[in-house]
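Structure below; questions to follow.
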Number of protein chains: 2
Amino acid sequence: MTEQPARPTSRDVARAAGVSQATVSLVLGDKWRGRVSERTAGLVRDAAHALEYRPNLAARSLRLGTTRTALLVVPALTNEFFARVYTGAAEVAAEHGFGVVLYPSPAGVGPARDPFASARAALDGVIASSMATQALDAIRGADLPLVMLDSDPDAPGAAARVNLDIADGIRQVTEHLLALGHRRLLHLASAISSWTFDIRATALAEAVRNVPDAVVRTVSAPLDVGAGREATERALSAPGPRPTALVCDDDILAAGACKAVRRLGLRVPEDISVTGFDDLALATAIEPELTTVSLPAERVGERGMSALLAVLDGRRPEPGDLPVSLVVRASTAPPPRDA
Amino acid sequence: MTEQPARPTSRDVARAAGVSQATVSLVLGDKWRGRVSERTAGLVRDAAHALEYRPNLAARSLRLGTTRTALLVVPALTNEFFARVYTGAAEVAAEHGFGVVLYPSPAGVGPARDPFASARAALDGVIASSMATQALDAIRGADLPLVMLDSDPDAPGAAARVNLDIADGIRQVTEHLLALGHRRLLHLASAISSWTFDIRATALAEAVRNVPDAVVRTVSAPLDVGAGREATERALSAPGPRPTALVCDDDILAAGACKAVRRLGLRVPEDISVTGFDDLALATAIEPELTTVSLPAERVGERGMSALLAVLDGRRPEPGDLPVSLVVRASTAPPPRDA
DNA sequence: ACGCCGACGTTATACGTAAAACCCCGGCGG
DNA sequence: CCGCCGGGGTTTTACGTATAACGTCGGCGT
């Protein structure tokens with residue numbers, strides 16, 4: 001269209017600097033110590049700068065057999081948590097001259113197309129959220145370095161893992177509620193992956209273990225506000241003594257839960273306490289502001305990318321889970337006296 | 001690490017099929033009508049399938065001088081609206097064998113690094129939200145096809161534009177409020193780009209033009225809940241008759257506004273009506289559920305990508321703004337009688 | 001009987017980069 | 001005086017693909 005003025009190549013730079021193309025490549029690749037004089041290197045850099053030379057990435061990838069591109073597989077970008085993970089991953093990728101391309105799950109794009117297969121030859125590695133279960137099998141077949149996020153340590157095929165200390169988060173909320181005096185808890189779980197469910201459920205069970213009169217019920221719901229509201233409404237109108245606190249696996253569910261509580265003519269937190277998980281923007285947008293577990297989402301992305309880079313370098317990725325922290329806000333309070 | 005078994009090349013396929021590499025390229029590129037026999041083509045395809053051949057994208061890009069990759073520039077992915085735009089763009093891109101890579105604004109990544117410059121040689125075009133103003137200048141210098149989203153039609157350098165009919169959205173909310181009987185409106189604007197501000201402000205002014213006793217005040221705030229709350233709180237406690245309705249430029253601000261209203265001991269919508277913009281998930285997560293303007297965010301991305309593809313093909317992009325629609329929920333009601 | 005053509009492929013080349021292999025020359029140790 | 005070494009480059013090649021240019025061969029029209 002606009003008649004591109006033909007982007008300059010390394011050969012153009014060489015011509016301008018009065019050297020050979022190889023020299024340009026050496027200088028610009030910082031591989032010239034002792035092979036090229038300081039003066040010549042300067043000439044090359046000046047010429048490159050003057051021509052606004054940018055190396056052709058396709059050519060470089062072809063030559064090097066590497067693309068400096070990682071694939072990030074997430075269930076959905078519209079989930080703030082994963083958007084933040086991307087941000088973190090992209091940040092450290094950029095620091096190392098890498099790019100991050102997204103594969104927002106098989107649900108996001110049509111099932112027929114397979115961005116992964118077509119991108120496969122152009123990738124150096126994959127970072128995958130374990131929640132995107134469907135995509136994982138395809139990836140495993142590709143013998144690419146794979147970093148898994150929040151995954152079952154027993155699941156195979158990962159060169160590295162970065163996990164959040166989810167169990168500790170659940171433990172913290174639970175202890176917070178127990179300390180406030182709550183004894184009847186309802187666990188509102190998001191039906192995402194069986195592993196994340198299990199780890200939360202057992203952490204919760206463990207936390208109430210030494211509180212003799214504590215009792216926990218569990219219901220699960222798809223991850224959206226409406227579903228959370230409905231599930232909660234159903235659970236709270238069930239016969240038997242009503243729970244006084246709701247432990248939700250996600251702020252989104254917690255928001256739904258709050259709505260349900262109020263629909264039933266009750267108040268949060270006076271009648272029923274509600275806790276969330278993730279500490280999304282949503283947590284402080286609703287009323288009352290949610291007591292929730294804050295997750296370092298960006299850090300997950302950063303660690304994921306760092307781990308991938310480490311694997312690619314043959315180094316050992318940094319071990320250990322990422323810590324989470326309880327944020328107490330206004331959605332939790334002692335249970336009503338008559339309860 | 002894992003000793004990759006050396007991905008098969010087109011030459012490997014050729015060897016397996018007993019033909020030359022050129023023939024493989026012809027067959028797999030669907031350019032063989034009348035140049036290769038049906039039988040040979042079959043052999044080639046079988047061999048390719050058997051070897052699980054995937055073309056090397058870097059090599060193809062180098063040869064073709066095209067990367068089938070577009071850059072999407074957005075202010076922040078954590079904003080649900082832009083995450084949805086990405087989703088739409090990625091969808092139609094995939095349908096045409098294109099990829100979409102993100103540049104989440106200069107604020108997201110450090111100022112020193114310039115992903116755009118380094119990616120520049122590897123891009124076929126750019127789709128940019130006008131809100132990412134800082135990045136635009138750099139892009140213009142790159143003489144790449146540029147599609148602008150929600151941009152001033154007078155701004156230069158765009159090969160195509162896709163705009164939402166924002167003005168109509170504002171008109172619709174305003175008329176809704178006027179019909180309910182509101183006369184004193186407060187416009188809570190998000191200080192994003194001067195163009196989007198202007199278009200909204202004038203649309204609002206126009207909508208109240210023929211309602212003689214209607215009066216509009218404007219305040220603006222950064223785009224987050226807390227800022228929205230503070231700005232609203234200040235504006236509502238100012239001297240003079242209090243507005244009965246708040247027209248917010250974004251659901252996020254509207255959420256803040258609702259909190260502010262309640263802090264002042266008033267109710268939404270009985271004392272003050274609040275409207276949002278965007279129809280994010282947030283709109284139905286808070287209470288009361290927001291009356292807001294629903295934007296087809298995915299469509300923006302789809303149209304943006306389609307337009308870019310059209311430009312690259314030398315075709316004319318589809319003209320016209322995308323329609324928006326008012327969604328009336330529970331945050332608007334007639335003003336109190338004594339007002 | 002010859003030329004020509006169409007069907008079916010093949011050979012050769014270019015894309016821009018990185019790096020291995022090579023080359024030249026001045027100085028220095030033996 | 002010769003060989004060798006190291007500094008400072010250059011020549012050449014390979015990466016995998018797409019495609020232009022080139023062959024070959026059988027048949028058919030004249």
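Chain identifiers are assigned alphabetically (A, B, ...) following the order of the sequence lines, protein sequences preceding nucleic acid strands; residue numbering begins at 1 within each chain.
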A:Leu62 near the nucleic acid: base, sugar-phosphate alone, or nothing, with a heavy-atom cut-off under 4.0 Å?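 Since a base atom lies under 4.0 Å of A:Leu62, the category is base.
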Within the pair A:Arg60 and C:dA18, is there a side-chain N or O less than 4.0 Å away from OP1 or OP2?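 Yes, such a contact exists.
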List the residues meeting side chain to side chain donor-acceptor pair (under 3.5 Å) with A:Thr23, not counting sequence neighbours, and say none if there are none.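 Scan of A:Thr23 (side chain to side chain donor-acceptor pair (under 3.5 Å), adjacent residues dropped) gives A:Ser20.
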Please determine whether the number of non-hydrogen atoms from other residues, nucleotides or ligands lying under 6.0 Å from atom CZ of B:Arg316 exceeds 12.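 Result for CZ/B:Arg316: open.
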Can you give me the first and the last nucleotide of DNA chain D (5' to 3') that has an atom within less than 4.0 angstrom of a non-hydrogen atom in chain A?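 Boundary nucleotides touching chain A, in 5' to 3' order, are D:dG7 to D:dG16.
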Give, ordered by number, those residues of residues 21-42 of chain A having at least one heavy-atom distance below 4.0 Å to an atom of DNA chain C; if nothing qualifies, reply none.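 Within residues 21-42 of chain A, the residues near DNA chain C are A:Gln21, A:Ala22, A:Ser25, A:Arg35.
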In residues 298-307 of chain A, what donor-acceptor pairs under 3.5 Å come from side-chain atoms, sequence neighbours left out?
unit_1	atom_1	unit_2	atom_2	d
A:Glu298	OE1	A:Arg84	NE	3.3
A:Glu298	OE1	A:Arg84	NH2	3.1
A:Glu298	OE2	A:Arg84	NE	2.9
A:Arg303	NH2	A:Pro319	O	3.3
A:Arg303	NH2	A:Gly320	O	2.6
A:Ser306	OG	A:Glu302	O	2.9

Calculate, to the nearest 0.5 Å, the distance between atoms OG1 and CZ belonging to B:Thr40 and B:Arg45 respectively.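 That separation rounds to 10.5 Å.
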Global bending angle along the helix from C:dA1-D:dT30 to C:dG30-D:dC1, which compares the axes of five pairs at either end, to 10 degrees: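 The two end axes of the helix from C:dA1-D:dT30 to C:dG30-D:dC1 meet at 70°.
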Between P on C:dG16 and CG on A:Asp12, what's the gap in Å once rounded to a whole number?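 Rounded to the whole Å, the gap is 8 Å.
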The criterion is side chain to side chain donor-acceptor pair (under 3.5 Å); which residues satisfy it with A:Ser25, sequence neighbours excluded?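 Counting only residues at least two positions away or on another chain, A:Ser25 forms no side chain to side chain donor-acceptor pair (under 3.5 Å).
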Find every protein N or O atom lying less than 3.5 Å from an N or O atom of nucleotides 23-28 of chain C, and list the pairs.
none

Nearest 0.5 angstrom please: A:Gln21 CD to A:Leu26 CG, how far?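 Result: 9.0 Å between the selected atoms.
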Using distance only, find each side-chain donor-acceptor pair of residues 151-165 of chain A under 3.5 Å and give its atom names and separation, not counting sequence neighbours.
unit_1	atom_1	unit_2	atom_2	d
A:Ser151	OG	A:Arg161	NH1	2.7
A:Asp152	OD1	A:Asp154	N	2.8
A:Arg161	NH1	A:Asp152	O	3.1
A:Arg161	NH2	A:Ala155	O	2.5
A:Asn163	OD1	A:Asp150	N	3.2
A:Asn163	OD1	A:Ser151	N	3.1
A:Asn163	ND2	A:Ser151	O	2.9
A:Asp165	OD1	A:Asp168	N	3.3

Protein-nucleotide distance (A:Asn56, atom CG; C:dA18, atom C1'), rounded to Å: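 Nearest whole value for this atom pair: 13 Å.
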Only distances under 3.5 Å count here; give the side-chain donor-acceptor pairs of residues 69-81 of chain B to other protein atoms, sequence neighbours excluded, each with its distance to 0.1 Å.
unit_1	atom_1	unit_2	atom_2	d
B:Thr69	OG1	B:Thr67	O	3.0
B:Asn79	OD1	B:Phe81	N	2.9
B:Glu80	OE1	B:Ala281	N	3.0
B:Glu80	OE2	B:Ala281	N	3.2

Steps toward side chain to side chain contact (heavy atoms under 4.5 Å, CB included) verdict (B:Val126, B:Tyr103): CA-CA 10 Å; B:Val126 178; B:Tyr103 180 54; over 6 Å; no
May I have all residue pairs that pass salt bridge (charged side-chain N to carboxylate O under 4.0 Å, His left out) and include part of residues 13-26 of chain B, sequence neighbours excluded?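 Output for this query lists B:Asp12-B:Arg15.
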Taking atom C1' of C:dG9 as reference, at what distance in whole Å does atom CZ of B:Arg15 sit?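 B:Arg15 atom CZ is separated from C:dG9 atom C1' by 18 Å.
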Report the residues that fulfil side-chain contact (heavy atoms from CB on, under 4.5 Å) with A:Arg39, sequence neighbours left out, ordered by chain and then residue number.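 side-chain contact (heavy atoms from CB on, under 4.5 Å) check on A:Arg39 returns A:Ser37, A:Leu43.
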Who pairs with A:Asp46 by side chain to side chain donor-acceptor pair (under 3.5 Å), at least two apart in sequence or on another chain?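 So A:Asp46 forms no side chain to side chain donor-acceptor pair (under 3.5 Å) with any residue.
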Just to be sure I understand the rule, does B:Thr9 reach a base, reach only the sugar-phosphate, or reach nothing, if contact means heavy atoms closer than 4.0 Å?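 If one applies the 4.0 Å heavy-atom cut-off, B:Thr9 turns out to touch the sugar-phosphate alone, with no base involved.
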Check against side chain to side chain contact (heavy atoms under 4.5 Å, CB included), B:Trp32 and B:Val44: CA-CA 12 Å; B:Trp32 56 283; B:Val44 169; over 6 Å; no
